[in-house]
**Student:** 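So that we are looking at the same thing, I have put the structure below in structure tokens.
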Amino acid sequence: MSVTEKARPTGKPPAPARREPRIRDEHGRRVRVWELALRYLLLLGVLALTIGPFLWQLSTSLKGPTEDIFSSPPKFLPSDPTLHNYERVAETIPVWDYALNSLKVATANVVTNCVGAALAGYALARLRYRGRRVATLVFILAMLVPVEGIIIAQFTTMRELGLNNTLVGVVLPGCVSALNVLLMRNAFLNLPHEIEEAAYVDGANVWQRFLRIALPSVKGTLAVVAIFAFMGAWDDFLWPLIVLSDPSKFTLTIGLNYLHGTFANDERLVAAGTIIAVAPLIVLFACLQRYFFRGVGEGAVKG
């Protein structure tokens with residue numbers, strides 16, 4: 001046998017060693033498989049706790065009158081889905097009139113909070129004047145005051161202004177939130193000063209710097225303010241209940257309270273009313289989620 005024949009391999013080449021797939025996080029660090037599985041299990045648990053009640057209400061609102069909603073074990077999917085419960089809600093209370101009143105209040109609250117919080121936040125973050133730190137401290141302290149502690153003073157003020165039993169009286173106390181002002185202040189503080197200084201050298205005044213430079217750079221925080229303002233006005237129950245007495249001006253949260261009977265409750269009817277009340281919030285978040293997750297410093301410096 002020659003040397004060439006001895007060097008020639010006689011068997012199959014050895015199979016390459018299997019390498020475990022490397023999974024890395026956003027920081028480039030390696031993540032083990034069991035750690036990744038644990039994360040997904042925790043996320044699924046949180047998802048079940050947050051989305052589960054809403055899905056159960058949706059399922060209950062679609063169940064017919066002949067279906068037992070208290071069966072054991074409970075059935076999640078309705079056997080015969082129907083929209084009759086939503087028709088019954090409209091027959092029991094003027095739900096669409098109440099929803100329109102809530103939409104008016106929530107829209108006005110969003111506009112006033114976005115405009116007022118943006119102006120106040122820009123003044124606290126960018127303008128130089130005496131008492132700026134004191135004004136910031138006042139907004140921080142305003143967040144510590146519970147609503148129940150000032151609600152009597154608010155009611156007295158609305159009565160003196162002649163705004164009781166009006167939608168304007170519902171909007172006015174929450175037209176500018178201290179939390180939203182501080183959110184906008186922090187967003188404007190994160191913007192580079194060099195951009196505004198360049199605009200100032202080019203001859204831009206305060207309003208031009210605010211409208212053309214600062215405000216377009218904080219769309220993410222502005223979307224957060226809009227969502228918070230809409231949710232606060234749409235879900236508010238105590239203040240509209242106190243200030244409103246005319247049933248034709250009731251908001252949706254007050255009107256849905258009439259679905260609860262004195263001696264009996266129809267859970268299907270209540271579930272359908274709950275879905276009607278939650279649907280606008282879902283639509284709003286779906287429209288603004290692109291800006292919601294951008295962050296406060298988007299678009300400030302590119303390239």
**Student:** In this structure, would I140 and F228 fall into the same cluster of hydrophobic residues linked by side-chain contacts under 4.5 Å?
**Tutor:**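 Per the 4.5 Å side-chain linkage, I140 and F228 are co-clustered.
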**Student:** Which heavy-atom pair separates S217 from L191 by the least distance, and what is that distance?
**Tutor:**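 Closest heavy-atom pair between S217 and L191: CB-CD2, 3.8 Å.
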**Student:** Check whether any side-chain N or O of N109 sits under 3.5 Å from a backbone N or O of G174 as a donor-acceptor pair, and report yes or no.
**Tutor:**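 Yes, the answer is positive, given that a donor and an acceptor are paired below the 3.5 Å cut-off.
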**Student:** I'd like to know if the side chain of Q57 reaches the main chain of F54, judged simply by a donor and an acceptor atom lying under 3.5 Å from each other, with no hydrogens or angles considered.
**Tutor:**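 No, the answer is negative, given that no donor and acceptor are paired below the 3.5 Å cut-off.
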**Student:** Work out which heavy atom in A142 is nearest to a heavy atom in A178; give both atom names and the distance.
**Tutor:**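 Scanning both residues completely, I find the closest heavy atoms to be CB-CB, 4.0 Å.
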**Student:** Between CG of L256 and OG1 of T92, what distance do you get to the nearest 0.5 Å?
**Tutor:**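 The distance works out to 11.0 Å.
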**Student:** When rounded to the nearest 0.5 angstrom, what distance separates NZ in K63 from NZ in K75?
**Tutor:**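 If I round to the nearest 0.5 Å, the distance is 8.5 Å.
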**Student:** Tell me if a side-chain donor or acceptor on R185 pairs with a main-chain N or O of A120 at a distance below 3.5 Å.
**Tutor:**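 Checked: no pair found.
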**Student:** How about M184 and V218: do any of their side-chain heavy atoms sit closer than 4.5 Å?
**Tutor:**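 A side-chain contact exists here, since the closest heavy-atom pair is under 4.5 Å.
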**Student:** Starting from L83, can I reach V270 by hopping between I/L/V/M/F/W/Y residues whose side chains sit under 4.5 Å apart?
**Tutor:**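 In one cluster: yes.
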**Student:** Starting from the C-alpha separation in whole Å, work towards a yes-or-no answer on side-chain contact (heavy atoms from CB on, under 4.5 Å) for L127 and V206.
**Tutor:** CA-CA 9 Å; L127 302 184; V206 176; 4.0 Å; yes
**Student:** Ignoring hydrogens, what is the shortest heavy-atom contact between L215 and A118? Give both atom names and the distance.
**Tutor:**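 Smallest heavy-atom distance, with atoms named: CD1-CB, 4.1 Å.
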**Student:** Please check: side-chain N/O of S102 versus main-chain N/O of L252, any donor-acceptor pairing under 3.5 Å?
**Tutor:**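 Answer holds: yes.
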**Student:** Under a 4.5 Å side-chain heavy-atom rule over Ile, Leu, Val, Met, Phe, Trp and Tyr, are L222 and L189 clustered together?
**Tutor:**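 L222 and L189: separate clusters.
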**Student:** Taking atom OG1 of T251 and atom CG of L100, what is their separation to the nearest 0.5 Å?
**Tutor:**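 These two atoms lie 12.0 Å from each other.
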**Student:** When you measure from the side chain of R159 to the backbone N and O of N164, does any donor-acceptor pair fall under 3.5 Å?
**Tutor:**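 No, the answer is negative, given that no donor and acceptor are paired below the 3.5 Å cut-off.
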**Student:** In the single-linkage hydrophobic clustering (I, L, V, M, F, W, Y; side-chain heavy atoms under 4.5 Å), do M158 and I152 co-cluster?
**Tutor:**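 Linked within one cluster.
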**Student:** More than 12 heavy atoms of other residues, nucleotides or ligands under 6.0 Å from CG of L42: yes or no?
**Tutor:**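 Counting other residues, nucleotides and ligands, CG of L42 exceeds 12 neighbours.
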**Student:** Short question: side chain of N257, backbone of T253 - any donor-acceptor pair under 3.5 Å?
**Tutor:**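 Judged by distance alone, no pair lies under 3.5 Å.
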**Student:** May I ask you to decide if L167's main-chain N or O and N101's side chain share a donor-acceptor pair within less than 3.5 Å?
**Tutor:**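 Not at all, since once roles are kept as given, no pair shorter than 3.5 Å links the two residues.
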**Student:** Is the shortest heavy-atom distance from the side chain of L47 to the side chain of L43 under 4.5 Å?
**Tutor:**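 They are not in side-chain contact.
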**Student:** Are there more than 12 heavy atoms of other residues, nucleotides or ligands under 6.0 Å from atom CZ of R212?
**Tutor:**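 Open: at most 12 neighbouring heavy atoms sit under 6.0 Å from CZ of R212.
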**Student:** Working note: N165 + V243, criterion side-chain contact (heavy atoms from CB on, under 4.5 Å); need CA distance, chi angles, decisive distance, verdict.
**Tutor:** CA-CA 6 Å; N165 198 28; V243 76; over 6 Å; no
**Student:** Run the side-chain contact (heavy atoms from CB on, under 4.5 Å) check on I242 and Q154 step by step: do they pass?
**Tutor:** CA-CA 10 Å; I242 293 175; Q154 288 182 355; over 6 Å; no
**Student:** Would you check if V95 and Y86 make a side-chain contact, meaning some heavy-atom pair closer than 4.5 Å?
**Tutor:**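 Contact flag for V95/Y86 side chains = no.
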**Student:** Determine the interplanar angle of the W234 and F230 rings, folded into 0 to 90°, and report it as parallel if under 30°, tilted if 30 to 60°, perpendicular if over 60°.
**Tutor:**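 Plane angle under 30°, so parallel.
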**Student:** Using a 6.0 Å cut-off, check whether atom CH2 of W56 has over 12 heavy atoms from anything other than its own residue.
**Tutor:**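 More than 12 within 6.0 Å, yes.
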**Student:** Specify whether F188 and Y122 have parallel, tilted or perpendicular ring planes, treating 30° as the upper limit for parallel and 60° as the lower limit for perpendicular.
**Tutor:**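 Because their plane-to-plane angle is over 60°, the rings of F188 and Y122 count as perpendicular.
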**Student:** Show your reasoning for whether side-chain contact (heavy atoms from CB on, under 4.5 Å) applies to L183 and N180.
**Tutor:** CA-CA 5 Å; L183 286 175; N180 294 334; 4.2 Å; yes
**Student:** With no hydrogens and no angle check, is any side-chain donor or acceptor of D97 less than 3.5 Å from a backbone partner on S248?
**Tutor:**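 No, because the side chain of D97 does not come within donor-acceptor range (under 3.5 Å) of the backbone of S248.
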**Student:** To check you understand the geometry: which heavy-atom pair defines the closest contact between A108 and V171, and what is its length?
**Tutor:**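 Looking at all heavy atoms of both residues, the closest pair is CB-CG1, 4.0 Å.
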**Student:** Could you check if a side-chain atom of Q208 sits within less than 4.5 angstrom of a side-chain atom of I213, using non-hydrogen atoms only?
**Tutor:**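 No. Closest side-chain heavy atoms not under 4.5 Å.
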**Student:** Between CG of L163 and OG1 of T157, what distance do you get to the nearest 0.5 Å?
**Tutor:**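 Going from the CG atom of L163 to the OG1 atom of T157 covers 10.0 Å.
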**Student:** Any side-chain heavy atom of L62 within less than 4.5 Å of one from T82?
**Tutor:**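 They are not in contact (no side-chain heavy atoms under 4.5 Å apart), so the answer is no.
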**Student:** Within the structure provided, determine whether W239 and P173 are in side-chain contact (heavy-atom separation under 4.5 Å).
**Tutor:**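 Side-chain contact under 4.5 Å: yes.
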**Student:** Return the minimal non-hydrogen interatomic distance between I254 and F237, and the atom names on each side.
**Tutor:**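 In this case the closest contact between I254 and F237 is CA-CE1, 4.0 Å.
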**Student:** Kindly indicate whether the side chain of L269, heavy atoms from C-beta on, has any atom under 4.5 Å from the side chain of V89.
**Tutor:**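 L269 reaches V89 side chain to side chain.
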**Student:** Quick check on Y129: does its OH atom have over 12 non-hydrogen neighbours (other residues, nucleotides or ligands) under 6.0 Å away?
**Tutor:**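 Atom OH in Y129 is packed in, count exceeds 12.
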**Student:** Considering only heavy atoms from C-beta outward, does the side chain of D236 approach that of V170 to under 4.5 Å?
**Tutor:**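 Answer no - side chains too far apart.
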**Student:** Do you reckon L44 sits in the same ILVMFWY cluster as F76, going by side-chain contacts under 4.5 Å, direct or chained?
**Tutor:**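 No.
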**Student:** Are any side-chain N or O atoms of S59 and backbone N or O atoms of L55, one a donor and one an acceptor, separated by less than 3.5 Å?
**Tutor:**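 Flag not set: sc S59 to bb L55 has no pair under 3.5 Å.
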**Student:** Just how far is it from atom CZ of R88 to atom CG of L259, taken to the nearest 0.5 Å?
**Tutor:**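 The CZ atom of R88 sits 9.5 Å away from the CG atom of L259.
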**Student:** Looking at P192 and R126, what are the two nearest heavy atoms and their distance?
**Tutor:**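 What the structure gives for the nearest pair is O-NH2, 4.0 Å.
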**Student:** How long is the span from the CD1 atom in I93 to the CZ atom in F250, to the nearest 0.5 Å?
**Tutor:**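 I93 CD1 to F250 CZ: 11.5 Å, rounded to 0.5 Å.
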